[in-house]
Amino acid sequence: MQARLIAAQQAREQDYWKLREIETRSRLLFDASSEAVLLVRADTLKIVEANPAAIRALGMAPGWEFLREVAPRDQEALQNMLQRARKHGRVPGILIHVGADQAPGWCEPR
């Protein structure tokens, strides 16, 4: 019984370190990407994370309300896409216009 407990603890620790490595790689890719990437909470539509390219290109940062940055003509389509994603789990992305200059950007739920 003790041997199984030790083996389970070792497996758990290995899983933890694998997860940490994946998180580190993901963070490096997120920060190094030349594409603007925003992570937005679906329930509040507040920006949770923005990579450097998004901050430069869109002028948006964590804590901002994303819906305010979406062109009025695209807000209903965004809300509909999120509602379908909640219902079906996955939907195709849409093109919306965001930021001060209303530049087009791809929106895809994950």
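Starting from 1, each residue takes its place in the sequence as its number.
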Inter-residue atom distance [X].[atom1] - [Y].[atom2], 0.5 Å rounding:
{"X": "Gln75", "Y": "Arg68", "atom1": "CD", "atom2": "CZ", "result": "10.5 Å"}
{"X": "Phe66", "Y": "Ile47", "atom1": "CZ", "atom2": "CD1", "result": "6.5 Å"}
{"X": "Gln79", "Y": "Met81", "atom1": "CD", "atom2": "CE", "result": "9.5 Å"}
{"X": "Asn80", "Y": "Ile94", "atom1": "CG", "atom2": "CD1", "result": "8.5 Å"}

Same cluster or not: are [X] and [Y] linked, directly or through other Ile, Leu, Val, Met, Phe, Trp or Tyr residues, by side-chain heavy atoms under 4.5 angstrom apart?
{"X": "Val48", "Y": "Leu78", "value": "no"}
{"X": "Phe30", "Y": "Val40", "value": "no"}
{"X": "Leu67", "Y": "Ile96", "value": "yes"}

## Note on the structure
Correct closest heavy-atom pair for Leu58 and Ala36 would be CD1-CB, 4.1 Å

### Query
Between Ala50 and Leu38, which heavy-atom pair has the shortest distance, and what is it?
CB-CD2, 3.5 Å

### Summary
The complete set of side-chain hydrogen bond (donor to acceptor under 3.5 Å, both in side chains) pairs with one or both residues in residues 5-22, sequence neighbours excluded, reads Glu21-Arg25

### Task
Mark yes or no for whether Glu35, through its side chain, and Ala53, through its backbone, hold a donor-acceptor pair below 3.5 Å.
no

### Query
Any donor-acceptor pair under 3.5 Å linking the side chain of Asp74 with the backbone of Leu95?
no

### With sequence neighbours excluded, residues passing side chain to side chain donor-acceptor pair (under 3.5 Å) with Arg41
Asp43

### Message
How about CD on Glu49, more than 12 heavy atoms from neighbouring residues, nucleotides or ligands closer than 6.0 Å, or not?
### Response
yes

### Message
Taking CD in Glu23 as the centre, count heavy atoms belonging to other residues, nucleotides or ligands within less than 6.0 Å. Is the count above 12?
### Response
yes

